[in-house]
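Shown next, in structure tokens, is the structure this report addresses.
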Amino acid sequence: MTAQLINGKDLSQQIRKNIKEKASQLTEKYRQPCLAVILVGEDPASQVYVRNKVKSCEDCGIKSILQRLPADSTEKEVIDLINALNQDKEVDGILVQLPLPKHISEQKIIETIDVAKDVDGFHLHNVGALSCGLPCLKPCTPHGVIKMLESANIDLEGKLALVLGRSNIVGKPMAQLLLEKNATVILAHSKTRNLQKLTLQADVIIAAVGRPLFLKAEMVKPGAVVIDVGINRNSEGKLCGDVDFENVKETAGFITPVPGGVGPMTITMLLENTLIAAENSFQKKENQ
Ligand code: NDP
């Protein structure tokens with residue numbers, strides 16, 4: 001293997017140590033920071049994600065409130081619950097686990113969350129602030145990727161960074177954050193032509209396509225930094241990323257594994273956002 005591994009699990013543990021310390025200081029000075037998680041329905045993957053989020057909060061001294069609603073809940077019932085949590089002075093962050101049942105509009109639900117409690121960073125206000133380079137709660141997955149690049153001392157200034165995938169939760173905000181770091185950004189998607197020609201020029205590739213082993217070694221410039229956001233199951237049901245890790249690691253300069261890469265960092269950034277939201281709220285109260 002020629003590539004250096006960027007280990008998201010180890011980095012997460014380091015950051016979570018600081019989060020735990022900060023949470024304990026805030027608890028002593030004000031009250032325990034608190035994240036409310038809403039799970040609608042019984043989707044098995046969502047249940048695992050939510051369990052991990054709740055457990056991670058507990059491990060870091062952040063209070064968590066899990067609100068479960070049945071799959072046949074109406075949109076209004078979910079909105080009413082969010083409005084109650086918006087009003088609750090003891091709740092700092094609100095996360096609605098996606099996807100939601102088809103009869104509920106995700107956009108409507110996200111827009112109901114108080115901007116100051118939007119720890120996923122999906123509210124239009126936070127999305128707009130991010131694209132204007134203004135302070136905001138940053139979306140967890142792309143923010144986690146930036147932290148991983150920083151941890152490996154990768155200077156992004158002037159580098160050609162290619163983001164594979166343009167979803168609202170990963171690809172687009174990822175491009176914004178790379179731009180903020182002065183990278184020159186290509187945002188590629190399913191309609192992109194001559195993809196390999198583009199990827200071969202990139203100094204940094206962030207793969208967020210949702211297709212197992214999509215990024216092959218012959219698409220990667222020798223020495224490039226390759227970050228794998230993908231979480232997929234291969235034909236044997238084993239967890240794998242969007243990058244053909246076994247072969248790409250022989251070409252890339254840096255690479256992230258799946259599992260143990262971007263995944264743990266996403267939750268860590270959620271914890272960090274909850275602390276930021278709590279601190280902002282305590283500060284606001286002090287200034288009143
Ligand atoms: P989406 O399905 O919303 O987006 C996938 C993107 O990939 C789209 O923009 C699509 O293009 C593009 N794409 C699909 N096929 C191709 C292709 N052949 N060539 C080029 N581009 C293509 O996925 P998400 O962004 O939500 O997630 C991406 C992956 O990241 C998934 O595996 C998901 O599980 C994982 N993920 C991991 C997280 C973590 O914490 N590690 C968090 C969130 C997601 P188009 O827009 O044209 O359709």
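When a ligand or atom number is given, it counts from 1 through the structure's own listing order. Predicted model only: the values in this text are computed from it and were never measured.
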> Considering only protein heavy atoms, which is closest to atom 18 (N) of ligand 1, and at what distance to one decimal place?
Replying inline: Phe214 CE1, 3.3 Å
> Can you list the atoms of ligand 1 that are under 4.0 Å from a heavy atom of Arg211?
Replying inline: 14 (C), 15 (N), 16 (C)
>> Looking at Lys197, is its backbone amide N or carbonyl O close enough to the side chain of Asn194 to form a donor-acceptor pair, meaning the two atoms are under 3.5 Å apart?
In response: no
> Asp228 and Val262: side-chain contact (heavy atoms from CB on, under 4.5 Å), yes or no, with the steps?
Replying inline: CA-CA 7 Å; Asp228 193 350; Val262 176; 5.8 Å; no
> Under 3.5 Å, is there a donor-acceptor pair between the Glu111 and His123 side chains?
Replying inline: yes
> Is it true that Ala208 lies under 4.0 Å from ligand 1, counting heavy atoms only?
Replying inline: yes
>> For Cys136, is there any backbone N or O sitting under 3.5 Å from a side-chain donor or acceptor partner on Asn126?
In response: no
> Less than 3.5 Å between some nitrogen or oxygen of Asp242 and one of ligand 1, yes or no?
Replying inline: no
> Which is it for Ile169 and ligand 1 at heavy atoms under 4.0 Å: side chain, backbone, both or neither?
Replying inline: side chain
> Is the shortest N/O to N/O distance between Lys191 and ligand 1 below 3.5 Å?
Replying inline: no
> For ligand 1, does Met265 get within less than 4.0 Å through its side chain, its backbone, both, or neither, judged by non-hydrogen atoms?
Replying inline: neither
> Counting heavy atoms only, which part of Ile231 comes closer than 4.0 Å to ligand 1: side chain, backbone, both or neither?
Replying inline: both
>> Using modelled atom types and a 3.5 Å cut-off, is there a donor and acceptor pairing between side-chain atoms of Glu106 and backbone atoms of Leu100?
In response: yes
> What atoms of ligand 1 come closer than 4.0 angstrom to any heavy atom of Gly263?
Replying inline: 40 (O), 41 (N)
> With Glu272, which of Lys147, Lys22, Arg16 fulfils salt bridge (charged side-chain N to carboxylate O under 4.0 Å, His left out)?
Replying inline: Lys147
> Which residue and non-hydrogen atom of the protein lie closest to atom 31 (C) of ligand 1, and at what distance in Å?
Replying inline: Gly210 CA, 3.5 Å
>> Counting non-hydrogen protein atoms only, what is the nearest one to atom 14 (C) of ligand 1? Give residue, atom name and distance.
In response: Val209 CG1, 3.5 Å
> Is it true that the side chains of Asn247 and Asp244 contain a donor and an acceptor less than 3.5 Å apart?
Replying inline: yes
> Going by the order shown, which atoms of ligand 1 are within less than 4.0 Å of some heavy atom of Thr266?
Replying inline: 39 (C), 40 (O)
> At a 4.0 Å threshold, what atoms of ligand 1 neighbour a non-hydrogen atom of Val262?
Replying inline: 41 (N)
> Among protein heavy atoms, which lies nearest atom 8 (C) of ligand 1, and at what distance?
Replying inline: Arg166 N, 3.9 Å
> Considering only protein heavy atoms, which is closest to atom 23 (O) of ligand 1, and at what distance to one decimal place?
Replying inline: Ser167 CB, 4.4 Å
>> Test of understanding: given a 4.0 Å heavy-atom threshold, classify the contact between Thr141 and ligand 1 as side chain, backbone, both, or neither.
In response: side chain
> How close does the nearest protein non-hydrogen atom get to atom 10 (C) of ligand 1, and which residue and atom is it?
Replying inline: Ser190 N, 4.3 Å
> To which protein heavy atom is atom 43 (C) of ligand 1 closest, and what is the distance rounded to 0.1 Å?
Replying inline: Val170 CG2, 3.8 Å
>> Please check: side-chain N/O of Asp92 versus main-chain N/O of Thr274, any donor-acceptor pairing under 3.5 Å?
In response: no
>> Yes or no: does Val229 have any heavy atom under 4.0 Å from an atom of ligand 1?
In response: yes
> Taking a hydrophobic cluster as the set of Ile, Leu, Val, Met, Phe, Trp and Tyr residues connected by side-chain heavy atoms closer than 4.5 Å, whether directly or through intermediates, do Ile109 and Leu98 fall within one such cluster?
Replying inline: yes
>> Surrounding NZ of Lys17 (heavy atoms of other residues, nucleotides or ligands, distance under 6.0 Å), is the total greater than 12?
In response: no
> Looking only at heavy atoms of Gly171, does any of them come nearer than 4.0 Å to an atom of ligand 1?
Replying inline: no
> Do any pairs count as a salt bridge (charged side-chain N to carboxylate O under 4.0 Å, His left out) and have a residue in residues 157-186, sequence neighbours left out, and if so which ones?
Replying inline: Lys138-Glu180, Glu150-Lys181
> Does atom 40 (O) of ligand 1 have a protein non-hydrogen atom under 4.0 Å from it?
Replying inline: yes
> Hey, is the main chain of Leu39 close enough, under 3.5 Å, to the side chain of Gln67 for a donor-acceptor pair?
Replying inline: no
>> Any donor-acceptor pair under 3.5 Å linking the side-chain atoms of Glu286 with those of Tyr30?
In response: yes
